Each structure stands twice: as structure tokens, then as C-alpha cells.
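First the structure, in the form of C-alpha cells, and then the observations on it.
Ligands are counted one by one from 1 in listed order, and the atoms in each one are counted from 1 as well. Everything quoted here is computed from the prediction, not taken from an experiment.
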Amino acid sequence: MTTLPLSESTAVSVPPMPRRAFLGGAVAWGAGALAAPAWAGEPLAARMPVSMKTPGGTDLSYGQPSAQEVSVVRREHQEAGFSVWRSPLQHQRGIITASGLHFAVHHSGIPEIKVDRHALMIHGLVKKPLQFDLERLQRYPMVSRIHFLECAGNSAANALSPFALDQTLGEIAGEVSCSEWTGVPLSYLLHEVGLQDTARWVVAEGADAGSHTRSLPLKALLQDAMVALYQNGERLRPSQGYPMRLFMPGWEGNVNVKWLHRLEVTDAPAYSKDESGLYTQVLADGRIERFAFHMEVKSVITQPSGLQAMPEPQGFFELAGLAWAGHGRIARVDVSVDGGATWAPAQLHGPVLDRAFTRFTFPWRWAGRKAVLMSRAIDEHGRVQPLRSEWKRRYALHSFNHYNAVQSWRVHADGRVENCYV
Ligand SMILES: Nc1nc2c(c(=O)[nH]1)N[C@H]1C(S)=C(S)[C@@H](COP(=O)(O)O)O[C@H]1N2
Ligand SMILES: [Mo]
């Protein structure tokens with residue numbers, strides 16, 4: 001046996017925190033933040049945590065978050081008979097949403113699907129209709145991609161309510177999440193069934209009680225769609241469409257049909273109930289927008305955010321947030337701490353992925369006075385997140401889908417943080 005030489009014998013120096021984290025000076029920590037601990041001077045043995053004195057407990061066969069994190073949960077809202085579970089984005093750090101916290105929208109509840117009795121049928125303007133059960137799909141080559149998913153109606157209250165509701169970020173804008181999705185590109189399956197010359201659209205239907213149905217243009221599906229089987233490395237959760245869902249990166253949530261069981265290739269849209277009503281919207285000039293699939297460029301400051309409190313009466317605070325865009329990558333996020341009077345670029349943290357959450361931070365020295373925090377994302381094509389007033393000018397008074405306006409947080413002098421309109 002040979003022993004490896006210890007190579008770490010030279011002095012080690014600690015790299016400094018990034019300069020820009022200090023806003024050109026020393027960090028103004030609040031009083032007490034760096035005070036000496038109460039036990040300073042005690043012998044080491046006296047400070048041994050209780051947990052080191054007895055053997056620990058057992059683990060679970062499927063892991064759970066710490067019991068002390070019970071407040072980090074989705075909350076259900078019933079809306080027009082739909083069940084909407086919003087993700088607590090104010091607790092998310094990093095670009096992947098924990099699967100158990102992924103937002104969910106169920107129009108007719110979660111169907112109980114027996115995987116051995118479920119199959120995806122592809123028929124219509126095809127040469128050879130086929131059925132694909134999970135076992136069969138499993139044998140196709142798969143791709144993995146990290147993408148956000150956002151409900152068209154996310155942030156609807158900010159669009160509709162004449163005054164800003166005093167709620168958490170999750171309650172206001174928690175109908176968006178980001179996961180790694182793994183599945184079979186739809187083009188492989190469409191290749192297998194063969195398309196007829198007149199094929200232009202695909203009508204996707206879910207196996208739930210309301211038979212959730214959307215028509216999608218074939219050309220875009222061939223480029224980007226997958227039949228997703230896995231989310232964050234494990235089989236889809238029932239909430240996300242177990243055992244299979246359609247996934248179309250960057251497009252409004254409702255086209256990502258869960259519990260997918262039928263794709264009918266057609267020459268025209270089906271004009272199904274929801275796509276003729278709910279998922280159309282009235283513009284300010286009275287025209288109606290339909291089949292507006294892409295979700296627009298958007299960002300939110302996650303920390304601090306609605307109903308949170310600043311941890312110190314004043315001092316250094318790193319603002320953190322998430323940005324995403326349905327047309328591609330995030331190019332820049334600007335932050336304002338003075339209600340939009342001045343803006344400065346935030347730091348983007350990699351990886352900056354196509355149609356995925358991108359994390360950003362912004363160093364701020366809070367003076368302990370009233371402030372309004374805002375973030376404005378810009379995508380790689382130069383699309384800029386609008387102000388609320390700009391968004392409202394584009395749409396009719398009662399339109400609420402595709403709301404992507406800048407989210408503003410008022411920080412009160414006492415440290416309370418509250419949703420506000422600018
Ligand atoms: N079959 C089926 N698919 C569905 C829905 C549904 O109710 N039934 N809801 C849609 C809506 S409105 C949204 S926003 C997304 C939400 O996906 P998630 O629940 O996985 O977050 O699923 C879509 N797919
Ligand atoms: Mo949705």
C-alpha cells in the first residue's frame with residue numbers, strides 16, 4: 001500500500017467576497033450581526049451540541065424536507081372551479097423548483113391513472129395510427145431540458161385588482177416553476193406514425209374528467225415539443241401529469257396537457273371550449289388575441305418580497321430574484337431601489353439557460369427609509385418587461401392573461417415589505 005503525500009502544506013488564503021457585493025465600500029452590517037458569540041471563551045467540550053451526544057434517528061424511504069420547514073408549502077386557491085396550487089417562490093433559491101413545490105392547475109382534479117392501462121394514441125391525418133404506453137415510450141431516445149412552466153393567468157390579481165393586494169410573492173405570482181424535464185421528442189413519435197400532406201395542427205387531450213384539450217401548430221411542435229415522462233430525475237408527479245404530459249418550452253401552461261392520452265393530427269384548430277374563451281384575450285382596441293402561446297419576459301425579486309420583513313433596521317442586503325422568458329434566454333435584469341427613477345444591472349448567475357429560470361442578485365445598502373424595489377428583465381431578443389401602466393394600456397380592462405409587468409415591492413421604514421403598483 002502506498003500513502004499519498006500531503007500536498008496541502010502551504011498557507012491557504014481565503015478569496016475575498018466579490019467586490020461588487022460591497023457597492024464600492026465596506027459592508028454596513030447591522031448592529032449585532034457580527035458580534036462575538038455568547039459562549040466565547042468556554043472550553044470546546046462544553047459547547048458540544050446535544051445532537052453529538054446520542055445516536056441520531058432513522059431516515060425515510062422517500063425523503064422529506066426538515067419538519068422545521070413546514071411553512072414552505074404550496075397553497076390552494078379555488079378559482080372558477082379550478083384548483084390552483086401556487087409555488088412559494090419567496091423561499092426558492094436557485095433555478096430548480098422542488099418537485100413537491102411545483103405549482104399546479106387542475107381544471108377537474110387529479111385523475112387516478114393506472115399506468116398499465118394508460119396509453120397515448122396518435123391518430124388523425126397520419127399514415128399509421130399508433131398507441132404508445134409508458135413501457136413503449138421508455139424505449140425511445142430521450143432528451144432532458146431545464147425549462148420554466150408558467151400559467152397564462154399567473155399574476156392575474158396584479159392585472160385586475162385596482163389596488164395592490166398585500167400578499168406573498170407565491171400568492172401573487174406563484175403560478176410559475178422550473179424543472180428538468182426528460183422525455184421523448186414528439187417529432188420521433190410523429191415520424192413513426194407518418195404525417196399526411198394536409199397535416200397542420202395537433203389537438204392534444206388529457207385523460208382527466210374535463211378532457212382538457214388544446215390545438216397546437218404542428219410546425220412548432222416538431223421543433224420543440226416532448227412527451228415528458230420525468231421531472232427532476234424521477235417519474236412525473238401525479239400533480240404534473242403522471243405518467244406522461246405534453247411539454248412545450250416557453251408556451252403558456254395550459255397547452256402542456258397533463259395525463260396526455262390523445263394527439264389528433266388535423267388540418268385546423270379544434271377551437272375547443274377553453275381555447276375559444278378562457279385562453280383568448282381582449283386587447284385595448286377591442287380586437288381579440290388567440291393562440292398567443294409564448295409567455296413573455298418577466299422577473300420577480302424573491303428576497304425581500306411581499307409580507308417579509310427586513311432582517312435589520314438598516315444596512316447591507318443582497319436582493320435576489322428570478323427571471324425567465326418564453327422566447328429564449330435572459331440577457332439582462334435591471335434593478336431599481338427608488339421606484340424606477342434609476343436602474344442598474346443586476347448580476348446574473350449561471351447557468352443562464354434557454355426558457356428557464358435565471359437567478360439574479362443585486363447588492364443594496366438599505367438606509368432604513370421607505371424604498372420601492374423593482375426588477376425589469378430583458379431577453380436575448382431585446383424584449384423588455386413592461387411597467388404595469390404600459391401593460392394595462394395594451395389590454396382591455398378585464399384582460400388578465402400573459403401579465404408580465406414589473407413587480408414592485410414597497411419597503412416601509414419599519415422594514416415591512418408590501419406589494420405595490422408603480
Ligand atoms: N389534462 C390537463 N392538463 C392540464 C391542465 C388540466 O387541468 N388538465 N391544466 C393546465 C394548466 S391551466 C396549466 S397552467 C398547466 C399547469 O401545469 P402543472 O400543474 O404541472 O404546473 O397544466 C395544464 N395542463
Ligand atoms: Mo393555466
*Are Glu380 and Arg383 ion-paired here, with the side-chain N under 4.0 Å from a carboxylate O?*
no
*When you measure from atom 11 (C) of ligand 1 to every protein heavy atom, which one gives the shortest distance, and what is it?*
Asn254 CA, 3.5 Å
*Where on Gln240 is there a heavy atom closer than 4.0 Å to ligand 1, on the side chain, on the backbone, on both, or on neither?*
both
*asked:* Quiz question: by atom type and distance under 3.5 Å, do the side chains of Ser83 and Trp85 form a donor-acceptor pair?
replied: yes
*Sole candidate of Tyr279, Trp201, Trp251 that passes ring pair (Phe, Tyr, Trp, His ring centres under 6.0 Å) when paired with Phe291*: Trp201
*Among all protein heavy atoms, pick the one closest to atom 23 (C) of ligand 1 and tell me residue, atom and distance.*
Gly253 O, 3.4 Å
*Which atoms of ligand 1 are found less than 4.0 Å from any heavy atom of His106?*
7 (O)
*asked:* Under a 4.0 angstrom heavy-atom cut-off, which atoms of ligand 1 come close to Gly206?
replied: 1 (N)
*Report the part of His102 in contact with ligand 1, treating N, CA, C, O as backbone and CB onward as side chain, heavy atoms under 4.0 Å; options are side chain, backbone, both, neither.*
side chain
*asked:* How far is atom 14 (S) of ligand 1 from the closest protein heavy atom, and which atom is that?
replied: Cys151 CB, 3.4 Å
_Ser155 and its side-chain hydrogen bond (donor to acceptor under 3.5 Å, both in side chains) partner, picked from Glu175, Glu150, Lys298_ = Lys298
*atom 3 (N) of ligand 1: which protein heavy atom is closest, and how many Å away?*
Lys258 N, 2.9 Å
_His106, His212, Gln240 screened by side-chain hydrogen bond (donor to acceptor under 3.5 Å, both in side chains) with Lys258, the one that passes_ = His106
*Of the side chain and backbone of Trp85, name the one, both, or neither that has a heavy atom under 4.0 Å from an atom of ligand 1.*
neither
*asked:* Suppose I only count heavy atoms of Asn256 and a 4.0 Å limit; which atoms of ligand 1 are within that range?
replied: 22 (O), 23 (C), 24 (N)
_Shortest protein contact, atom 21 (O) of ligand 1 (heavy atom only)_ = Phe103 O, 2.6 Å
*Nearest protein heavy atom to atom 9 (N) of ligand 1, by residue and atom, and its distance?*
Val105 O, 3.1 Å
_Ala104: numbered ligand 1 atoms lying under 4.0 Å from its heavy atoms_ = 18 (P), 19 (O), 21 (O)
*Which pair of non-hydrogen atoms, one from Val203 and one from Ala270, has the smallest distance, and what is that distance?*
CG2-CB, 3.9 Å
*Between Thr280 and Arg290, what is the shortest heavy-atom contact and its length?*
CG2-CB, 3.5 Å
_With a 4.0 Å cut-off on heavy atoms, is Tyr279 in contact with ligand 1?_
yes
*Considering distance alone, does some N or O of Asp208 sit under 3.5 Å from an N or O of ligand 1?*
yes
*What is the nearest protein non-hydrogen atom to atom 7 (O) of ligand 1, stated with its residue, atom name and distance?*
His107 N, 2.8 Å
*Report yes or no: is the cationic atom of Arg86 (NZ for Lys, CZ for Arg) under 6.0 Å from the centre of the six-membered ring of Phe103, at an angle within 45° of the ring normal?*
no
*Flag the pair Trp181 / His102 as yes when their ring centroid distance falls below 6.0 Å, and as no otherwise.*
yes
*What's the shortest heavy-atom distance between Pro243 and Leu229, and which atoms?*
O-CD2, 3.7 Å
*May I ask you to identify, for Ser239, whether its side chain, its backbone, both or neither come under 4.0 Å of ligand 1 on a heavy-atom basis?*
backbone
*asked:* Applying a heavy-atom cut-off of 4.0 Å, say which part of Trp259 lies close to ligand 1: side chain, backbone, both or neither.
replied: side chain
*Under 3.5 Å, side chain of Glu205 to main-chain N/O of Arg262, donor-acceptor pair present?*
no
*Does Arg376 count as lying over the ring of Trp343, i.e. NZ or CZ under 6.0 Å from the six-ring centre, within 45 degrees of the axis?*
yes
*At the 4.0 Å heavy-atom cut-off, does Arg245 count as touching ligand 1?*
yes
*Quick one: does Glu150 get an N or O within less than 3.5 Å of an N or O on ligand 1?*
no
